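To keep things clear, I will list the structure first and then write my remarks on it.
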Amino acid sequence: MTEPMLKVRDLHAYYGKSHVLQGVNLEIMPGEVIALLGRNGVGRSTTAKAIMGEVRPRGEIHFKGQPIAGLESHRIARMGLGYVPESRDIFPMMSVRNNLILGIKDMRRHGKYTVDQMLDMFPNLRARADNLAGVLSGGEKQMLTMCRTLMGDPDLIIIDEPTEGLAPKIVQQIGDMIAEIAKTGVSILLVEQKLSIALRIANRVYVMGHGEIVWGGTPADFRDREDVRKEWLEV
Amino acid sequence: QDAIKIAYIDPLSGPMGPTGDQGLKEFMFAAEHVNANGGINGAMVEVTGFDNKVNPKESLVQFQKALDQGYRFIAQGNGSSVASALIDAVEKHNERNPGEEVLFLNYAAVDPVFTNDRCSFWHFRFDADADMKMDAITDWLAAQDDIKKAYIIGQDYSFGQAVGAAAERFITEKRPDIEIVGNELHPLAKVKDFTPYVQKIISSDADVIITGNWGSDMVLLVKAAIDAGWDKPILTYYGGSVGAATAMGEAAVGKVKAIVEGHTNLPMSDEHAAYIDAFEEKYSSNDYYYQRVHNAVFMLDAAAEQAGSNDPVDIAFALSGMEFEGPYGTVTMREDNHQALQPMFLATFTKDVERGVEDLPLGWTSGPDERIEAEATRAETTCQMERPER
Amino acid sequence: MTDAITTRMEALTPSSAEKFRQRVLPLIVLAVVVAVIPFFGPSRTMYSLLSVTGINIVFALSYNMLLGRGGMLSFGHAVYFGLGGYAAVHAMRAIENAEVGFWTSYPVFFLPVIGFAGGALAGAVIGWPSCRRAGVPFAMISLGVAELIAAAGFMFGSVFGGEEGISGDRMNGPELFGLSMGPVSDVYWFVAFWTVVGTAGIYAFTRTPLGKLSEATRDNPERVQFVGYDPQRVRYLVFIFAGGFAGLAGGMSAVNFEIFTPEAVSLIPSGFVLLMAYIGGIKHFAGPVIGAVVLTYMQSNLSDYSEAWLLYLGILFMGIIMYAPSGLAGILFGTWHGLREDPVGLVTQWWTAVLGAVLTFLGLIVLIETAVRWSNGYGEVFEPFGVELTMASPLAWVLIVVLIGAGITLLRRAFVQSREEGGA
Amino acid sequence: MTAMALSLSRLKKNFGPAEIICGVDLDIAPGERHAIIGPNGAGKSTLFNLISGLYTPSSGSVKLNGQEIAGMKPFAINRMGLSRSFQVSNIFANMTVRENVRCGVLHSLGYGYSFWRNIGNLRDVQRKTGEILESVGLLDKANLPASLLPYADQRTLEIAITIAGGADVILLDEPTAGMSHSETDRAVALIRMATEGKTLIIVEHDMGVVFNMADRISVLVYGEIIATGAPSEIRGDPKVREAYLGEEADDEQEGVA
Amino acid sequence: METIVFSLLNGVIYGLLLFMLSSGLTLIFSMMGVLNFAHASFYMLGAYFAYTISGSTSFWLALILAPILVGVLGMAVERYGLRTVHVHGHVAELLFTFGLAYIIDEVVKILYGKTAVDYRVPELLDFPLFTLYGAQYPAYRIFILFIAIFMLAVLWYILNRTRAGLIIQAALSHPHMVGHLGHNVPVIFMTVFGVGCALAGLAGVIGGNYLVTDPAMAVQMGPIVFVVVVVGGLGSLMGAFIAAMLLGLLQTFAVAVDATFSDMFWWLGLTPTSEVGSITVASLAPMLPFLLLVLILMVRPTGLMGDREL
Ligand SMILES: Nc1ncnc2c1ncn2[C@@H]1O[C@H](COP(=O)(O)OP(=O)(O)OP(=O)(O)O)[C@@H](O)[C@H]1O
Ligand SMILES: Nc1ncnc2c1ncn2[C@@H]1O[C@H](COP(=O)(O)OP(=O)(O)OP(=O)(O)O)[C@@H](O)[C@H]1O
Ligand SMILES: CC(C)C[C@H](N)C(=O)O
Ligand SMILES: [Mg+2]
Ligand SMILES: [Mg+2]
């Protein structure tokens with residue numbers, strides 16, 4: 001059996017005194033696309049942040065077999081973990097091109113993609129390559145963040161709510177893009193609210209509630225589990 | 001017998017620190033000398049430094065502290081601004097606390113007002129006042145026919161203003177043809193670069209700079225002037241300020257003059273020469289400078305012995321009107337306003353002198369005709385001194 | 001139902017006994033302490049130290065109206081102290097020179113009132129533009145204003161008196177309470193009276209609607225707008241009061257020293273009051289009082305023992321900022337509460353920390369004192385308990401390294417303990 | 001005709017080149033409960049900020065009870081009887097719960113910036129504070145520092161401060177965001193009770209709350225109101241389904257938790 | 001005419017010195033949001049270190065070594081001090097650096113004494129370069145000019161032309177994100193603080209002998225540095241440059257002007273004998289920077305060239 005790309009065991013995290021993650025367990029195999037579902041505020045973003053070291057994690061996190069819990073974010077990133085945060089965090093006062101350049105971890109090594117290849121892949125971005133990133137539309141910003149992360153040659157990308165606040169048409173487009181990325185062999189942990197997308201591209205689904213993973217299975221299984229959906233996803 | 005404790009309240013840190021430090025060392029040295037000769041009426045003299053940062057308010061705090069610790073004599077000099085506050089404070093204290101009177105030995109604060117309108121029985125000035133000094137300086141100036149334009153620059157407070165006013169007055173009196181092309185005041189101890197001032201002076205075409213600057217303001221002013229290539233006379237009160245000689249260097253030789261009550265290249269007794277040598281040996285980084293500090297301590301000693309008492313009031317009465325044989329002539333403490341009269345010298349910065357300063361072959365000299373006799377410096381006073389009952 | 005709520009509400013609000021204990025009693029204690037001191041026959045030194053302490057207490061408290069209560073970091077609070085003080089000195093001269101009219105009957109004892117008016121007026125004029133901004137811009141404006149006023153101090157001689165400053169004589173005008181104001185003990189009574197008045201006044205201010213709003217504005221200026229208040233206006237009013245109380249302290253100082261110089265409005269006293277308030281603890285009302293007492297003592301006495309007292313002050317300040325942001329008062333009250341709740345746990349951890357701090361500090365003292373004497377060139381030697389320590393002696397270095405090393409180790413241990421307890 | 005409680009016309013706001021609110025017209029009658037829904041980033045909070053004075057409109061007008069308030073300062077608008085809450089809790093963190101509510105009460109009782117009164121002696125303030133605390137159920141926690149309250153209680157306190165001033169037009173921005181089921185139910189009950197007889201405008205993502213509380217609903221999409229109407233009309237409106245509720249099916253919409 | 005030329009020259013030199021002093025602060029502030037109160041203290045350290053080094057070896061070695069030493073010290077301060085208080089917010093950081101300034105001042109007094117040290121211009125540069133209207137112009141001033149231009153160029157290059165500059169700029173808006181992209185933000189912060197301090201140190205090496213090296217130099221320059229940074233606009237190197245020049249020229253020209261208020265405002269009825277009338281423009285020089293500071297903060301809080309408010 002191959003080793004999981006990412007293995008999280010009994011992960012806890014706190015914001016001040018509030019205990020947000022209460023023992024999260026999950027695994028991602030190489031090449032897999034995983035969707036993490038759950039209601040607002042159950043701690044999905046926090047899980048992502050804890051893995052990436054932005055929130056102090058307690059528990060075990062192994063990436064490609066190596067422990068990464070407690071490491072500084074930049075080290076984790078350099079091991080091949082990419083992260084597209086909920087807040088997108090493009091650098092608004094820089095050109096789109098420079099945003100992409102910042103995604104490169106090491107200027108001396110050639111990665112899988114060059115800036116030009118990226119721009120070729122997304123004609124929208126090419127048109128705006130020399131504009132300040134701050135003026136991009138929401139959808140373009142989302143594309144830019146993902147491209148920027150790809151520039152760092154990650155083996156696993158954690159994408160947090162890529163479709164949040166986007167018009168349905170763009171949601172469609174982003175979904176396609178993620179599927180595209182997955183095809184290149186990169187593993188993806190997708191934190192998503194929109195079931196349509198999550199179920200379309202994921203190999204497996206985790207459902208989160210109250211700071212824990214409460215259910216895991218394939219999309220097909222999930223469609224059958226009305227109870228899970230009622231209890232953990234609906235209001 | 002109880003020690004005679006002198007509180008030396010002067011700047012011991014900051015830009016004016018070196019100036020205050022120099023005075024403290026000379027006071028301590030004079031005190032040691034007196035002590036080695038049996039003290040004052042058998043009592044040892046102790047001098048302690050109180051750092052006032054040239055700030056009148058801080059001086060009063062230090063004065064209060066000195067009082068609390070039983071000091072009955074204070075010595076101060078750096079800054080007429082401070083002296084003014086201290087004279088005031090001493091008067092108030094002596095009035096409010098009869099039996100605990102304090103004497104103020106002023107060795108350098110030379111605003112003329114302290115021995116005129118604001119004179120006080122408790123205050124004794126051992127240095128010539130700004131007017132007396134300017135009188136001597138302008139006597140020299142009056143004889144220089146090639147000088148047509150003068151530039152006056154000083155520190156912006158009572159002393160600097162007094163110097164400026166005196167210069168204008170004496171020049172118009174003695175040489176009405178000299179044009180005063182500038183009379184400028186700059187903040188005290190704050191200017192770091194005098195170049196703009198110097199270039200202003202140069203562009204005014206002045207033939208001479210007259211300044212009362214002291215401490216860092218003196219050093220930086222001459223440094224800037226020399227750097228800018230100034231090669232005409234600079235008439236100063238305090239060309240001997242610590243660090244000035246180094247800043248001036250050879251370029252200033254023959255140009256810079258200072259009016260002083262003594263310098264180390266005057267003819268003197270062996271005894272005094274030994275005194276100077278001992279000082280310079282003990283404080284190897286300093287040169288002997290304040291003759292008037294020596295005078296002050298020795299006159300205090302003489303007065304106390306004459307009064308047969310170490311009580312400040314008795315000493316004050318003895319000191320008032322006292323005559324003292326100093327190394328360069330008789331020093332008289334005028335009874336009417338407590339201003340010392342003593343021979344003055346117009347000294348010139350010279351090369352190859354016997355006693356150099358700041359480890360340089362440069363130092364101060366004065367010719368025989370550059371001596372001004374004590375009596376010649378006497379001026380009218382407006383002082384109406386209130387003397388305590390005896 | 002409403003009545004029921006009122007009763008329940010009253011049950012929640014502190015009982016009058018509690019109110020008395022928490023609000024009135026400390027003030028009474030202060031007044032009593034202050035009134036009793038003279039009966040121990042303090043020396044003149046002690047009297048003048050106490051007077052300066054009283055002045056600084058009011059000054060530091062007034063500063064904390066801005067920093068601690070209002071969240072406004074000012075680098076120019078001495079401006080109001082100074083301007084109030086100048087107003088009082090000018091009034092003192094007016095009393096001295098008055099022949100007829102108002103000033104003939106104005107007692108010197110009430111000069112702090114003039115100081116208050118002067119400080120408040122200055123606050124009203126300067127605060128008008130500066131309170132429109134908060135946070136760092138406010139701090140920068142206060143810095144600029146302080147420098148401006150300080151520079152102007154040397155320009156307007158008739159107001160500020162130039163280098164000499166303005167001095168007056170407090171022994172004029174009508175006498176009050178049989179105080180001639182000449183001797184230091186008279187001045188002590190005067191200062192004591194105004195210290196209590198000032199402290200009570202500033203405390204009372206915290207209990208007013210405006211005082212509460214000032215705290216609300218500190219916490220969340222945005223939200224204040226949505227309960228119907230203009231945060232700029234709140235800040236401005238608080239600023240005026242803080243200026244007024246600083247001026248009150250300035251008026252006390254005017255009578256105590258009988259002189260004011262332009263340095264009084266400069267950055268240096270402004271920095272000092274910041275240190276007093278912060279080291280004492282800006283989150284507690286009593287913090288600045290503690291800070292004022294400690295720092296005044298350090299300023300006048302520690303400076304006699306060590307030339308490097310400002311360095312100790314700096315180290316203390318940094319220590320507080322980094323490890324005890326609630327100041328000496330926070331440490332004190334924290335210990336007090338800790339002792340009541342978990343005496344054993346606190347005591348072990350506390351002692352580790354205290355021991356560590358003391359050891360580190362001892363090491364620093366050896367280092368600093370030895371260095372000071374080595375550098376000042378008067379040839380003195382640091383001789384604690386008769387041991388001669390110089391920069392050249394190995395013993396000194398051993399002491400320094402061992403003390404500081406041991407101290408820091410202990411401190412770390414204490415901190416790790418407390419963090420683990422906090423996190424669990 | 002009585003004046004509308006709140007009336008927006010041709011309201012626009014842009015940040016630099018981006019137009020966030022592009023001409024909103026909306027009339028809300030006194031006593032109405034009006035909900036505004038729309039996707040994230042549609043400009044709902046921005047709309048609230050415009051109405052409550054935090055932002056100045058780029059153009060257009062906002063009338064409160066018939067009076068123009070566009071461009072006025074928030075505190076002035078608040079004094080005219082409009083109060084709002086925030087999407088992220090915006091309370092006085094270092095003060096106690098009681099003090100928080102008291103701050104909300106003070107101005108409405110006419111105490112202004114007074115500095116001559118002891119706040120502890122103001123009976124009417126105490127009483128009003130007590131009533132509000134009681135009604136929101138925070139009386140037992142009155143003396144706790146607000147920052148130590150659990151999340152849901154902080155949201156409740158947010159509402160308490162908002163209603164404390166007795167305003168008659170109340171804007172609530174996602175009051176139940178982040179609350180659990182039962183907490184949401186309690187909050188809804190509380191809001192119903194506290195805004196009895198007042199005009200309420202509420203932004204919510206929780207459709208349960210919206211559909212059972214609102215008299216009318218407006219749907220804001222990219223700065224424009226695409227539909228306004230009774231809950232049943234909105235539910236059936238195809239435009240709304242497409243833009244917000246989701247084009248696929250109702251069950252997919254439920255996924256938008 | 002002479003006055004104008006002289007004032008121009010001196011103003012430019014003084015302005016350049018101010019720029020050197022504040023460039024490091026601009027760097028630190030724009031990147032880390034820390035208004036470093038102790039910045040002028042690092043400037044002072046630079047001067048003292050240079051004094052020590054040039055005393056035992058040569059000025060040229062000091063020119064390189066002293067800034068490095070100051071930079072290393074700055075890094076240590078960031079690592080062991082500033083980072084701890086960072087969590088408490090900007091005011092805590094400001095206070096931290098305020099306390100740091102106290103400590104550096106006192107330590108310098110202990111190590112070097114309370115009075116000025118004799119740190120002088122190197123012999124090699126201690127000659128008059130040219131004579132203008134009868135006044136000599138020291139070569140060292142021109143040297144200052146070159147160093148300042150060099151600093152400007154280097155800084156500009158770092159900020160605009162290297163990826164380090166990009167990372168710095170990016171970390172400004174989203175430090176966490178920069179970390180997630182694999183860049184070591186704490187090290188960058190430490191480096192930036194160090195480089196900023198080193199720049200202050202370099203200014204000290206150059207300015208210490210041009211002006212005076214004494215323990216008061218930090219206190220004297222500190223507030224002016226803030227003025228430059230704030231007036232120039234936060235985060236703008238060019239703004240800082242322009243503001244420094246503006247201040248340098250303003251102050252120098254003020255000194256050169258002999259007019260009094262009564263000369264200028266005679267139409268208001270001011271007489272030369274009245275107190276206000278006798279104020280000279282020259283004596284206003286020290287006030288001007290702060291007047292400018294307050295005005296700018298009131299009117300244009302982003303500063304001349306800044307892109308955001310303080
Ligand atoms: N910085 C913070 N400080 C305190 N609490 C926080 C912070 N960030 C998040 N929380 C709280 O932690 C809980 C989990 O947050 P998280 O962002 O992980 O939720 P989520 O599942 O991603 O939901 P969302 O749909 O809102 O993104 C929430 O209750 C939230 O309020
Ligand atoms: N001050 C501002 N400057 C620039 N853009 C802004 C500003 N405030 C809001 N925006 C933009 O306006 C848009 C609308 O934001 P708003 O907060 O009103 O959304 P919302 O409808 O409340 O969304 P949500 O449901 O997520 O709260 C967003 O794209 C946001 O980025
Ligand atoms: C020490 C002295 C130079 C002081 C100066 N003469 C003054 O009166 O202020
Ligand atoms: Mg999330
Ligand atoms: Mg919103």
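These numbers come from a predicted model, not from an experiment. Heavy atoms only: backbone and side chains are in, while hydrogens, waters and symmetry mates are out.
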Interface moiety of [X] toward chain C, non-hydrogen atoms closer than 4.5 Å:
X        : value
E:Phe226 : side chain
E:Leu100 : both
E:Phe37  : side chain
E:Phe290 : both

Against chain E, label [X] side chain, backbone, both or neither, depending on which of its atoms sit under 4.5 Å from a heavy atom there.
X        : result
C:Leu311 : both
C:Leu267 : side chain
C:Leu275 : side chain
C:Ile320 : neither
C:Phe75  : side chain
C:Met322 : both
C:Ala150 : neither

Report yes if the side chains of C:Glu147 and E:Val227 come closer than 4.5 Å at any heavy-atom pair, otherwise no.
->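 No - every pair of side-chain heavy atoms lies 4.5 Å or more apart.
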Closest heavy-atom contact between C:Ile321 and E:Phe96?
-> CD1-N, 3.6 Å
Is the side chain of C:Arg132 donor-acceptor paired with the backbone N or O of E:Met298 at a distance under 3.5 Å, no angle test?
->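 No, the answer is negative, given that no donor and acceptor are paired below the 3.5 Å cut-off.
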